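Everything numeric in this text was worked out from a predicted model, so none of it was measured. First listed ligand is number 1; within each ligand, the first listed atom is number 1.
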Amino acid sequence: MLPPSSLRAAQRAKEERYNKEKDRKREKERERRDDRKGSGRDVDNSNRHRDRDYKASGVRHHHHHDRSGKDEKKSHEHRHRRHEGDSHRGGKAERDRSGERERKKEQHRHHKKSRTPSSGSERSGRSPQKKTRQEDTKLFERVLDPNFKKKEDEVVEVVDWDVSPVEIRENVVRVEDVEHAEMFTPTDDEHPGSLKDDDVVEVPDVISLNDESDEGKYLKSPEADELEELTEAEQRLHRKSVEDGETRRQKMLIAQLPVFYPGLMGCRNIDEYECVNRVDEGTFGVVYRGKDKRTDEIVALKRLKMEKEKEGFPITALREINMLLKAGNHRNIVHVKEILVGSNMDKIYLAMEFVEHDMRSLLDTMSRRNKRFSTGEQKTLMQQLLSGIEHMHKLWILHRDLKTSNLLLSHTGVLKIADFGLAREYGDPLKKFTSVVVTLWYRSPELLLGTRLYSTPVDMWSVGCIMAEFILLKPLFQGAGELGQIKKIFMEMGTPTESIWPGVTELDGWKALTFEKYPYNQLRKKFLAGRLLNDTGFKLLNGLLTLDPKNRFTATQALDHEWFSEEPLPVPPEEFPTFPAKSEQNKAPPPAAAKKKQLENRMAHVDPETAKLLKQFEVRPEQVKPGGFSLKFDPTRF
Ligand SMILES: Nc1ncnc2c1ncn2[C@@H]1O[C@H](COP(=O)(O)OP(=O)(O)OP(=O)(O)O)[C@@H](O)[C@H]1O
């Protein structure tokens with residue numbers, strides 16, 4: 001081991017070599033700049049800044065070669081990117097730590113009122129924070145200033161040279177922007193809670209470049225030599241005022257941003273919501289009632305099931321989001337407010353407008369209390385349902401899971417179609433889809449007979465079933481299993497023939513089975529021989545429950561039906577009675593034993609044939625619902 005004196009000598013020699021190398025590089029740099037074409041006062045000026053920065057940060061100039069302006073810009077960008085990359089690779093953590101140490105030292109020195117000259121490492125220690133500030137500022141500039149692109153280039157230049165906050169402020173922050181920002185000032189009504197007393201900031205006076213007050217003195221951008229002439233304390237004050245001004249300005253900009261800027265901020269985190277209670281759990285997700293912590297707005301939060309998330313984002317979730325976003329801009333379709341990610345980024349939530357009732361629960365309650373919707377109310381419900389469906393079909397969207405538990409009713413009598421978990425876009429010509437869609441009791445005969453080329457009539461059949469349910473308060477065709485279901489339909493509506501439904505004999509299901517010949521249409525009996533539904537209403541119901549899909553009513557035809565224009569007329573939604581909403585009460589998940597029992601009950605509905613089908617389609621028992629089953633797609637199969 002070398003004696004300490006030799007170690008010190010070696011260290012000194014190393015430092016000298018380092019200093020010489022530094023001088024040599026600085027000299028080379030100066031020569032290069034002198035050689036530079038068109039070098040004038042401005043260039044000298046900027047060189048002076050750069051020299052100073054070099055002194056301060058001791059980094060990066062040695063990468064700089066003589067280039068044309070274009071190449072040089074590329075080189076700037078390249079270095080800028082590389083620098084960012086470094087910070088991601090662990091350099092940042094190190095710099096943060098050194099920055100923290102330096103800040104502590106600085107606080108200590110400040111306390112003792114010492115006049116020690118500022119060190120380069122102090123600046124480089126603050127650099128990551130400074131960059132974050134610049135990036136934030138860029139973000140806000142992008143929001144507030146349509147000419148941002150031009151300024152962005154300036155910012156990149158500045159970042160690259162790691163200059164003092166004074167210059168950064170000059171390039172990034174402009175007083176005019178404050179005026180620009182005012183255009184976004186929300187009123188208290190628009191964003192209750194977004195502007196809190198603590199956040200009220202007064203900015204323009206403080207950051208005015210023309211401010212001649214003592215504080216303003218430190219906000220101006222002194223020349224490099226002027227800055228060097230300032231005492232350490234003055235320099236510190238100068239930096240602090242600039243930073244404070246910047247912080248206040250940032251706060252003001254944040255306060256003036258609209259609550260949510262989806263395009264800029266991406267998905268918010270579920271932590272932004274408080275869970276009020278659990279509403280329900282379906283096949284495709286759990287639904288909670290949540291409160292936006294910023295605005296206190298109540299929403300429905302549906303956590304999408306992410307069973308196959310290891311293989312990427314599940315296609316079922318993607319479809320649901322996609323279809324809802326496409327169709328959701330209609331009064332009778334539930335509106336998706338935003339998409340949220342879970343705390344660990346492993347869950348996806350849909351934040352939707354909260355609608356107080358689901359129709360299935362409501363009909364159950366009414367049935368228990370011996371209540372019914374009046375004919376006028378039935379018409380209003382049907383009009384709203386048809387109007388939402390007409391909108392969807394015009395957008396080439398098939399819902400494929402219409403049923404009363406997927407229809408919501410607001411306190412103000414507005415019906416909303418929900419649950420787009422099975423929705424698909426269809427086209428012309430039709431593509432083949434799976435026939436195993438739509439919860440069994442609402443599934444159309446063509447699907448039950450195995451057609452794979454289907455379209456909007458599958459939804460219209462479900463609408464027919466729903467219309468009957470609005471009147472009867474219970475599902476119309478409650479078959480057990482697919483075979484049981486189709487038999488039930490034929491029993492009520494009559495067994496079709498080629499003349500009633502051309503092409504029926506070509507369907508796989510028809511070929512495979514033999515059906516008893518039931519006489520035509522026994523449906524009327526179910527409606528107490530017309531006491532619950534008059535002839536006109538019956539014509540509409542028959543139009544919707546037409547066996548041949550080609551002859552089934554479309555949503556537009558149904559909306560034009562005379563049932564809606566004859567007395568009693570549809571009642572305005574706001575005149576609907578109000579009901580206590582089940583969804584506002586906490587619905588705990590069923591305990592394990594109860595759940596098992598529930599599953600057993602469900603399986604009891606399933607005949608051997610259906611059980612075989614379930615196996616074939618890889619359906620788990622818990623996906624079997626009362627009233628048949630609804631299937632979760634296996635995206636690899638369809
Ligand atoms: N926007 C909403 N507001 C209030 N409650 C809602 C909302 N959306 C859904 N719900 C409640 O959650 C239940 C399940 O929601 P949804 O149908 O979307 O889930 P799902 O998993 O697709 O169910 P399933 O496939 O079994 O029909 C609904 O029946 C309703 O009670």
Side-chain angles (χ1 to χ4, degrees), residues 273 275-292 297-307 314 316-321 323-325 327-328 330-340 347-365 388 399-412 414-424 436-443 462 466 469 475 579-590 598-599 602 619-633:
Y273 283 87
C275 177
V276 180
N277 62 273
R278 182 186 164 107
V279 178
D280 210 348
E281 173 162 3
T283 320
F284 287 88
V286 192
V287 180
Y288 302 92
R289 193 151 67 113
K291 185 156 95 175
D292 189 330
E297 189 186 9
I298 294 287
V299 295
L301 294 170
K302 178 170 175 175
R303 194 181 78 207
L304 301 179
K305 290 232 164 113
M306 301 276 281
E307 277 160 21
T316 45
L318 261 184
R319 278 192 195 139
E320 180 161 7
I321 294 171
M323 293 297 105
L324 258 172
L325 289 179
H330 188 277
R331 178 177 154 91
N332 301 116
I333 293 177
V334 72
H335 176 64
V336 174
K337 290 174 178 291
E338 61 178 308
I339 293 146
L340 299 145
K347 294 190 180 72
I348 297 286
Y349 295 81
L350 290 182
M352 298 174 275
E353 60 179 318
F354 186 83
V355 194
E356 293 79 8
H357 308 278
D358 80 85
M359 284 305 302
R360 183 62 250 144
S361 311
L362 195 56
L363 295 173
D364 270 347
T365 314
H399 187 283
R400 306 200 305 180
D401 198 14
L402 290 169
K403 55 182 174 180
T404 41
S405 59
N406 286 340
L407 302 181
L408 307 170
L409 186 69
S410 78
H411 272 327
T412 48
V414 180
L415 178 145
K416 312 252 177 196
I417 302 169
D419 191 0
F420 280 62
L422 281 183
R424 283 291 293 262
V436 192
V437 283
V438 188
T439 304
L440 193 59
W441 291 348
Y442 303 82
R443 200 179 300 171
S462 309
I466 291 169
E469 200 169 327
F579 316 89
K582 205 172 142 194
S583 54
E584 285 172 30
Q585 296 146 23
N586 203 8
K587 202 172 174 188
Q598 235 177 31
L599 290 179
R602 281 179 195 179
V619 180
R620 296 183 314 280
E622 66 265 28
Q623 288 176 278
V624 182
K625 310 212 75 182
F629 57 92
S630 65
L631 292 181
K632 187 177 180 64
F633 274 7

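Nearest residue to atom 3 (N) of ligand 1 from Val299, Val355, Val279, Val287 is Val355 (criterion: closest heavy atom). Residue nearest to atom 20 (P) of ligand 1, selected from Arg360, His357, His335, Lys302: Lys302 (by heavy-atom distance). Here atom 2 (C) of ligand 1 lies nearest to Ala300 when heavy atoms of Ser410, Ala351, Ala300 are compared. The closest non-hydrogen atom to atom 30 (C) of ligand 1, taken over Ile298, Thr404, Leu408, comes from Leu408.
The minimum heavy-atom distance linking Ile333 with Gly388 is given by the pair CD1-O, 3.6 Å. Closest of all the heavy-atom pairs between Gly290 and Leu301 is CA-CD1, 3.9 Å. Taking every heavy atom of both residues into account, Lys337 and Glu353 meet most closely at CE-CA, 3.8 Å. Taking all atoms of both residues into account, the shortest heavy-atom contact from Leu350 to Ile321 is CD2-CG1, 3.7 Å.
With a heavy-atom cut-off of 4.0 Å, Asn406 touches ligand 1 through its side chain alone.
Annotation for ligand 1: atoms under 4.0 Å from non-hydrogen atoms of Met352 are 1 (N), 8 (N). The Lys403 neighbourhood of ligand 1 comprises atoms 27 (O), with distances under 4.0 Å to a heavy atom of that residue. Ligand 1 places these atoms under 4.0 Å from at least one heavy atom of Glu353: 1 (N), 2 (C), 3 (N). For ligand 1 and Val334, the ligand atoms under 4.0 Å from any heavy atom of the residue are 1 (N).
None of Asp358, Thr404, Leu407 except one satisfies the side-chain contact (heavy atoms from CB on, under 4.5 Å) rule with Leu363; the exception is Thr404.
In this structure, Ser405 has a heavy atom closer than 4.0 Å to ligand 1. Proximity of Glu320 to ligand 1 is not established, as no heavy-atom distance is less than 4.0 Å.
Side-chain atoms of His399 and Met323, non-hydrogen and from C-beta on, never get closer than 4.5 Å to each other.
Taking the side chain to side chain contact (heavy atoms under 4.5 Å, CB included) definition, one finds that Ile298 meets it with Val276, Arg289, Lys291, Phe354, sequence neighbours left out.
Asp419 has no carboxylate O lying under 4.0 Å from a charged side-chain N of Lys403, or vice versa, which leaves the two without a salt bridge.
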